[in-house]
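So that the names make sense, note that chain A is the first sequence line, chain B the second, and so on, each numbered from 1.
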2 protein chains.
Amino acid sequence: MNITVAVIMSVSVSLLAFLVALYFFFWVKKQPSSNTEIARVGGFIKKGANTFLKKEYMLLAVFAGVAAVLILLFLPHPIWGDATDNWSWKSNVFMMVSYVFGTVLSALAGKVGITVATIANMKAAEAATKGIRPSFLAGFRGGAVMGMAVVGTSLMGVSLVYYLTGDASSVLGFSFGASSLALFAKAGGGIFTKTADISADLVGKVELGIPEDDPRNPAVIADNVGDNVGDVAGMGADLFDSHVASISAALVMAFALDKSGHKFAVMVFVYAAIGLFCSAVGVLLARMGKKGGPTQALNLSTYITTALFAGLTALAPALLFENTGVAWRIWGAMMVGLFVGTIIGIVSDYFTNDTKKPVQYVANASKSGPAFTILSGTSYGFLSVFPPMIGIAISALAAYKICFPITSEPVSGMFGIAMAAVGMLSIVGMIISNDAYGPIVDNARGLVEMGGLGKEALDITDSLDSAGNTVKAVTKGFAIGAAGLTIIALLGAFMSEVNDAAQAAIDAGIQGIEKITGFDILNPVVFFGLLVGAALPAVFSAMLMLGVDRNAQRMVAEIHRQFNTIIGLKEGKKGVVPEYEKCIDIATVGALKELIPAGLVAILSTLLVGFVGGVQAIGGFLAGNIVSGLLLALFMSNAGGLWDNAKKYIESGHNGGKGSDAHKAAVVGDTVGDPYKDTAGPSINTQVTVVSLVASMMATLFLTYSIF
Amino acid sequence: MNITVAVIMSVSVSLLAFLVALYFFFWVKKQPSSNTEIARVGGFIKKGANTFLKKEYMLLAVFAGVAAVLILLFLPHPIWGDATDNWSWKSNVFMMVSYVFGTVLSALAGKVGITVATIANMKAAEAATKGIRPSFLAGFRGGAVMGMAVVGTSLMGVSLVYYLTGDASSVLGFSFGASSLALFAKAGGGIFTKTADISADLVGKVELGIPEDDPRNPAVIADNVGDNVGDVAGMGADLFDSHVASISAALVMAFALDKSGHKFAVMVFVYAAIGLFCSAVGVLLARMGKKGGPTQALNLSTYITTALFAGLTALAPALLFENTGVAWRIWGAMMVGLFVGTIIGIVSDYFTNDTKKPVQYVANASKSGPAFTILSGTSYGFLSVFPPMIGIAISALAAYKICFPITSEPVSGMFGIAMAAVGMLSIVGMIISNDAYGPIVDNARGLVEMGGLGKEALDITDSLDSAGNTVKAVTKGFAIGAAGLTIIALLGAFMSEVNDAAQAAIDAGIQGIEKITGFDILNPVVFFGLLVGAALPAVFSAMLMLGVDRNAQRMVAEIHRQFNTIIGLKEGKKGVVPEYEKCIDIATVGALKELIPAGLVAILSTLLVGFVGGVQAIGGFLAGNIVSGLLLALFMSNAGGLWDNAKKYIESGHNGGKGSDAHKAAVVGDTVGDPYKDTAGPSINTQVTVVSLVASMMATLFLTYSIF
């Protein structure tokens, strides 16, 4: 198969995915909605989410505009030429256009997700009055619109960029566009959602003792908006970014392995296209059976997708590719990724499932007070890091060893790692659908409560929501694992880019520049980078958490003000409504203010290390960033999920139940865990990806202009 | 100067330090003590501490015995010969004897510390009735006995081992003896002290509202015993270990640089001896002036020691060594270490001092509840990691670059890093004295309260205690920084050992073994090790914290039992005393039970990685272990210190003062921070050192018998 056919195949499958997304979109839209109260509250949520998105995108447009100009001027080479005299301004234009294309598609994916999610939540709420099965389907298909749109867009985008520019470096520009937007979308959305969530709970549940989603609470709409902008739009941008990055890393190394024949790039596209196809089949088949709960329904469709992918791709080596032996090796690397992804999901489930020991231990320790909730949860969070890190270590090693014999260059081993990441992310269309289902049914639950649809409907949405939480822990572990392999592969991509630049310099006869063979830990410049890179995720997550902390304090003050000054609000007097939009405004303004410094610290420290220590320091920097980023991301995600479920476990009647001292302690744990798992933890992945891509794009400059 | 003279100089200065220690010991002993209540309670503490130490040492004797046999059989080569046929059973005997010598000296240092501390606490308490100056002096000189004894022992031990065996590998055995004991002493002592501290506070202060150190509290003696076994004996073993490890790492590379002339080893001994001499002068001069508080007194003597060291060592290149240029370079590396140590201390102070923003921010955030105490403290803890890690990164790079021109081998650069660590630890005699002063005056405060010596004496010991806490944060940062440089140097020592072994194999004509030039991050085996090594400190600290958590639950149950069943205890009826020894017993048994698995996990995972992935995997493993170990140790130490002081800041009347909601929230933070800063945080350093030493000792076996 040649590259043209492979790209046509990718684009076709992407178009198929768009068709599925459109079908689901109109299906969701035509579901009945008659309740005016739901329409009114749902309208508030929709308006709030769109307002935030608009303000965020305006801010990001400025950022992206500045970045685009800088890229045009400097990357991959200064546009006025460099010492090699072997440059073309075209490559700068290609990279800039690819970058802008990446940001636009990423923003678009977020917008589509928000649009459908703020419709599907109302439909799922209304459907809950008819039974759990239609309500499930409305929620799931709403999520699947997002899943299909995101993965279709990313696959189509990356295929077109690669094909039209004929250059793997431009793909990195596209990927950086997606990642830089994801960084801000994830961080901004994460700060927004947790500001609102924590503040609403703190004043509502803890101080006043009113239920979650009580319409008297001024922050309740902001909380629901947060689910959409954080968990739907932010998460969509995040997985868009991971998917693009995994394919980009694979393409850079595929290009290095075969620059003219594109033999390996063909395989990347074919396998990615098969993955999207299988996800499309999986989401079309998904529905709740007469037996079994919503969790089983979500899991079953994931299993179907996975099995189908393993089977179909196993046919590819024999049917599609000339070099069957090599294709089998690459298939093997992908299966390693898929297998380890599953293992990591199971481990995340163990540490966050309330039928297992860790959650029950923490729930029990909560009887001795919040300090023990925190200590035991932190401890289990740290323990939970071990199996996935070992798993990623083993899978990277295995994928490398499987693919290393393809050529005698180390890059073929790194290509194996990239393909393991592609394998892990192949079913990402399904994963996103499952993940976006969560906030939709969470919102639906709120609408059922605020719309007064009755206890039965509330029970139904409660059970749908709980399934969303269970599946979320697994998909989150999966996403972190995939990001882990992707960023290891990006380290290989960085070396490829450096050596391309070095080759160009050597060809031009420039003295003092050599190709690199690796990054030696005992080289003090590498070790310097290693330490700085390892410190970065800690600082980055601290800035985001302090952002949530500061912002929540502002919002708590506003909620207090409303309860104190709006007469009749606390008592729930008919016709008295809080000023919801004030809270939404605080969350919006605060989130946008807090997200910029954290993002800049990540990018600027990369530039600083690169211009001081050169490419060797960056090699260490990326490695340190990867290991400590994985460590903290896994810790925060799992500890946060664990505390959330320990609280729910107590609320379901254990250790004294709601209102007991153990429950109060568990609420403290949950509040701490909220920004861990929904703000800082998932943003760290994106931070590491962004830094890796910046490094690769800057390879030429770091090689030429560093101090050491 | 030749090696014999240098060793004689080292041993002489060590003997001088012993004389100073003896002088202080008898000075402390002859201070008046007439109060029988203090003698009675002090006797309880002394007995409890000695009982724990005895049980702990019995357990460790078994461990050390097993380890000694294994060393004799297998290290550095299997005693029945290896493939090179170039072995001698003597080297195994040397290593085993060195190992046992290291464990015995380390245990002895702990024992001396406990003995004097449990006397000095009573003397300082009694002296507090006469004024702050005599009380300060009793506390400080008690601590200085420990300081002089520990550093004298370690310097003498390492000098004798090097001189008598003529072999740097045996020094590693000695260092491993010290480290393995320190690992268990620190972890066991840390679990003991925090079990007692948390349980006593939880039931006493929080539930019953009785003061700290109230004699009715059954855990109060255990709490005071804990200060001694954790902060005195454990900390002493820890710094003994760091000091020995820094000198050992330097000696291994000094030996590699000049195997017959010992030119560089001479410098190591001379500089270390000068450091101890300056510390001895510093502790002799230390006393409180008529103006200025105890903090100033502690700081002033540290400044004197540091300045004296910088000055005296600056004379050495010109006066003592032939190759003045090289000696100047090494001096420069040491000054880099000393300078960065000071910077790190200042940063730790910023993040934990209650006159600075972080502590005040956390104290203020506590008004919104414990979740905000934890979130903001965690965030500042993560932020606090950045400056020291950058500092260590820069100092390692600078020390390397300063010393690299000594020879053309990278080992001379790594020797520079080792000498930076030696420079940083040169004033460790002073640091230990300051550090041991803390728990002594903390105990004295308890004795003043329990002995009813009046408000004035209590105020005096309160102010002495507070100075101890302030200085502690600085010395802790200093200790972590020094350990950071030491373990980086140990990575260089590991490579030296591997290449020695490889050379022996090559000389014997064995095929397939090569010398290594470094550890390439892009080698998948190295990356595998990097990920596993990075995960280890998280697991290790989680196990220790869960140990504290479990053990504290047992002790809380026991305290409840006593208050419920001993009639008149709660009311403070005269003559009714709690069963103190029951609580001491729980802390002892629990600590010993919990410390073994954590230590074994660290050692066994090193063996596993080494036998699976060989020396390359171990290179990555050590690097990952170092960066994540530093990250977590700094985070935990600083966050713990911050929470401690935020609580004290509120108790001193801010944000509502004692008993307010903010105070309750801050107590939660302090309880979480206790095992962070006193159990897990400081043990991580030792874990990393132990792992590094195990790796170096096993170099030959990993080279010969690994799977990959």
Side-chain angles (χ1 to χ4, degrees), chain A residues 202 365 368-372 374-376 378-380 382-383 385-386 389-390 392-394 396-397 400-401 410 413-414 488 491-492 495 518-528 530-532 534-535 538-539 541-542 545-546 549 553 556 619-620 623-624 627-628 631 635 668 671-672 675, chain B residues 202 365 368-372 374-376 378-380 382-383 385-386 389-390 392-394 396-397 400-401 410 413-414 488 491-492 495 518-528 530-532 534-535 538-539 541-542 545-546 549 553 556 619-620 623-624 627-628 631 635 668 671-672 675:
Chain A
L202 203 68
S368 309
F372 290 90
I374 301 294
L375 273 177
S376 55
T378 304
S379 304
Y380 276 111
F382 276 134
L383 280 184
V385 162
F386 207 51
M389 282 189 72
I390 306 277
I392 294 170
I394 292 176
L397 183 57
Y400 189 103
K401 293 275 176 193
M414 294 305 286
I488 297 173
L491 189 59
M495 194 176 82
F519 309 104
D520 177 9
I521 292 173
L522 288 180
N523 177 342
V525 176
V526 174
F527 206 90
F528 166 84
L530 197 69
L531 283 169
V532 179
V539 174
S541 48
M545 288 195 290
L546 280 177
D549 190 82
Q553 288 181 26
V556 165
V627 291
S628 108
L631 184 80
F635 161 63
V668 172
T671 311
V672 171
Chain B
L202 202 70
S368 308
F372 290 90
I374 301 294
L375 273 178
S376 55
T378 303
S379 303
Y380 276 112
F382 277 134
L383 280 184
V385 163
F386 207 50
M389 282 188 72
I390 305 277
I392 294 171
I394 293 177
L397 183 55
Y400 189 104
K401 293 276 176 193
M414 294 306 286
I488 297 173
L491 189 58
M495 194 177 81
F519 309 104
D520 177 10
I521 293 173
L522 287 180
N523 177 342
V525 176
V526 174
F527 206 89
F528 166 84
L530 198 68
L531 284 169
V532 179
V539 174
S541 46
M545 288 195 291
L546 279 178
D549 191 82
Q553 288 182 26
V556 165
V627 292
S628 109
L631 184 81
F635 161 63
V668 172
T671 310
V672 171

Using side chain to side chain contact (heavy atoms under 4.5 Å, CB included), reason through A:I488 and B:L531 one step at a time and then give a plain yes or no. CA-CA 11 Å; A:I488 297 173; B:L531 284 169; 4.3 Å; yes

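When A:S376, A:S628, A:A396 are compared by the number of non-hydrogen pairs under 4.5 Å with chain B, A:S376 comes out ahead. Most heavy-atom pairs under 4.5 Å with chain A, from the set B:G492, B:A365, B:A535, B:S379: that is B:S379. Ranked by non-hydrogen atom pairs under 4.5 Å with chain A, the options B:V532, B:V627, B:D549 are led by B:D549. Of the residues considered (B:L546, B:L530, B:I394, B:L202), B:L546 shows the highest number of contacts with chain A, using heavy-atom pairs under 4.5 Å. Chosen from A:V556, A:L491, A:V385, the residue pairing most often with chain B at heavy-atom distances under 4.5 Å is A:L491.
The contact between A:L383 and chain B is made by backbone and side chain atoms together, counting heavy-atom distances below 4.5 Å. With a 4.5 Å cut-off on non-hydrogen atoms, B:M414 touches chain A through its side chain but not through its backbone.
The backbone N or O of B:F519 lies less than 3.5 Å from a partner atom in the side chain of A:D520, making a donor-acceptor pair.
Taking every heavy atom of both residues into account, B:A538 and A:L631 meet most closely at CB-CD1, 4.0 Å. Taking all atoms of both residues into account, the shortest heavy-atom contact from A:A623 to B:F527 is CB-CE1, 4.5 Å.
Annotation: the span from A:M495 atom CE to B:I521 atom CD1 amounts to 11.5 Å, rounded to 0.5 Å. We find the OG1-CZ distance between A:T671 and B:F372 to be 7.0 Å, quoted to the nearest 0.5 Å. Note: B:F528 CZ to A:I390 CD1 = 6.5 Å, rounded to the nearest 0.5 Å. To the nearest 0.5 Å, atoms CE (B:M545) and CD1 (A:I374) are separated by 11.5 Å.
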